[in-house]
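Because the structure is predicted, anything quoted here is derived from the model rather than measured. When a residue number appears, it is its place in the shown sequence, counting from 1. The figures here come from the full heavy-atom set of this structure, side chains too, leaving out hydrogens, waters and symmetry mates.
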Amino acid sequence: MKKSAPLLILASMAFAPVAFSAPVGTLSVHILDQQTGTPPPGVSVTLEKQQQDKWTPVASGKTDQDGRIKSLYPDDQDMQPGVYKVTFKTAEYFQANKLQSFFPEIPVLFTVTRTNEKLHIPLLLSQYGYSTYKGSKSY
């Protein structure tokens, strides 16, 4: 019995729900308004995956008070390798603040190379420009 215990533990782990879903926080985003130095809450963000010649919706959400969506990818699915697009809907944010903006939305295309790869996409935003990069996960 002692020799078979490790095998039973391994076998039971194979059927754990975690093995069939993306970990919480697989894909996170963050926005910082460069002009004010503050994170904009309530900005709509969409996630799509490229499927041949079209984009398929995957998820959407709104930034929290800290300008973040800590877990944009659905927790009940595996994030498979491929090309994805996160779109930050910035027009609503600037309109709510009675400001003009050149970019009504900001699409960011990126490549996932490993299943459930932990990714963070930050956006530094202003009325007439933006920058983004592959961020690191710190939470």
Side-chain angles (χ1 to χ4, degrees):
M1 182 68 174
K2 287 183 181 180
K3 291 181 181 180
S4 62
L7 291 175
L8 288 172
I9 292 170
L10 285 174
S12 66
M13 288 174 60
F15 295 102
V18 170
F20 300 106
S21 61
V24 172
T26 297
L27 175 64
S28 62
V29 298
H30 182 218
I31 306 173
L32 183 65
D33 185 331
Q34 186 176 15
Q35 291 166 212
T36 63
T38 59
V43 174
S44 296
V45 180
T46 61
L47 174 65
E48 299 169 281
K49 184 175 185 197
Q50 189 174 40
Q51 304 284 353
Q52 296 168 3
D53 62 346
K54 65 178 182 165
W55 291 100
T56 302
V58 175
S60 64
K62 288 189 181 260
T63 56
D64 64 14
Q65 289 302 112
D66 195 31
R68 297 179 185 274
I69 299 177
K70 294 180 181 177
S71 192
L72 182 58
Y73 199 86
D75 298 339
D76 63 344
Q77 301 173 28
D78 281 323
M79 186 169 68
Q80 298 296 328
V83 176
Y84 290 80
K85 176 171 56 173
V86 167
T87 303
F88 298 89
K89 309 286 186 169
T90 55
E92 296 170 4
Y93 167 71
F94 285 114
Q95 289 169 355
N97 289 287
K98 298 180 177 28
L99 296 170
Q100 296 287 325
S101 174
F102 187 68
F103 301 103
E105 60 182 34
I106 299 169
V108 179
L109 281 71
F110 61 98
T111 303
V112 173
T113 58
R114 294 184 323 269
T115 300
N116 295 334
E117 181 176 2
K118 290 275 194 177
L119 296 171
H120 179 67
I121 300 175
L123 177 69
L124 185 59
L125 177 64
S126 73
Q127 287 176 268
Y128 300 103
Y130 65 90
S131 66
T132 188
Y133 55 93
K134 180 181 180 186
S136 63
K137 297 285 287 191
S138 59
Y139 51 85

K.L.:
Using atom types as modelled and distance alone, determine if a side-chain donor or acceptor of Thr46 lies under 3.5 Å from a backbone N or O of Pro57.
P.N.:
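No, Thr46 side chain to Pro57 backbone: no donor-acceptor pair under 3.5 Å.
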K.L.:
Would you indicate whether the side-chain heavy atoms of Lys70 and Asp64 approach each other to under 4.5 Å?
P.N.:
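They are in contact (side-chain heavy atoms under 4.5 Å apart), so the answer is yes.
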K.L.:
Looking at NZ of Lys49 and NZ of Lys54, how far apart are the two atoms once the value is rounded to the nearest 0.5 Å?
P.N.:
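Lys49 atom NZ to Lys54 atom NZ measures 12.5 Å (nearest 0.5 Å).
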K.L.:
Do Val45 and Ser60 make a side-chain contact, defined as non-hydrogen atoms from C-beta onward lying under 4.5 Å apart?
P.N.:
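No, every pair of side-chain atoms sits at 4.5 Å or beyond.
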K.L.:
Looking at Gln51, I want to see if its CD is surrounded by more than 12 non-hydrogen atoms of other residues, nucleotides or ligands under 6.0 Å.
P.N.:
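Check passes, neighbour count above 12.
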K.L.:
Please report the shortest heavy-atom distance between Trp55 and Glu48, naming the atom on each side.
P.N.:
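Looks like CB-OE2, 3.5 Å.
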K.L.:
Heavy atoms, side chains only, cut-off 4.5 Å: are Leu125 and Phe88 in contact?
P.N.:
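No; the side chains remain at least 4.5 Å from each other.
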K.L.:
Looking at every non-hydrogen atom in both residues, tell me the closest pair between Ala59 and Leu72 and how far apart they are.
P.N.:
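Residues Ala59 and Leu72, closest heavy atoms: CB-O, 3.2 Å.
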K.L.:
Where is the tightest heavy-atom contact between Ile69 and Lys62, given as atom of each residue plus distance?
P.N.:
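Residues Ile69 and Lys62, closest heavy atoms: CG1-O, 3.5 Å.
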K.L.:
So which atom in Leu32 and which in Pro39 form the shortest heavy-atom distance, rounded to 0.1 Å?
P.N.:
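Closest approach of Leu32 to Pro39: CD1-N, 3.8 Å.
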K.L.:
Taking the side chain as C-beta and beyond, is there a heavy-atom pair between Gln50 and Lys85 under 4.5 Å?
P.N.:
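Gln50 does not reach Lys85 side chain to side chain.
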K.L.:
Indicate, with yes or no, if Leu124 and Leu119 share a hydrophobic cluster defined by side-chain heavy-atom contacts under 4.5 Å among Ile, Leu, Val, Met, Phe, Trp and Tyr.
P.N.:
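No; tracing contacts between hydrophobic side chains, which count when under 4.5 Å, never links both residues.
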K.L.:
Do Asp33 and Tyr93 come close enough that some side-chain heavy atom pair is under 4.5 Å?
P.N.:
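Contact flag for Asp33/Tyr93 side chains = yes.
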K.L.:
Which atom names give the shortest non-hydrogen contact between Gln80 and Val112, and what distance separates them?
P.N.:
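Closest approach of Gln80 to Val112: O-CG1, 3.8 Å.
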K.L.:
What's the shortest heavy-atom distance between Tyr73 and Asp78, and which atoms?
P.N.:
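For Tyr73 versus Asp78, the nearest heavy atoms are OH-O, 3.1 Å.
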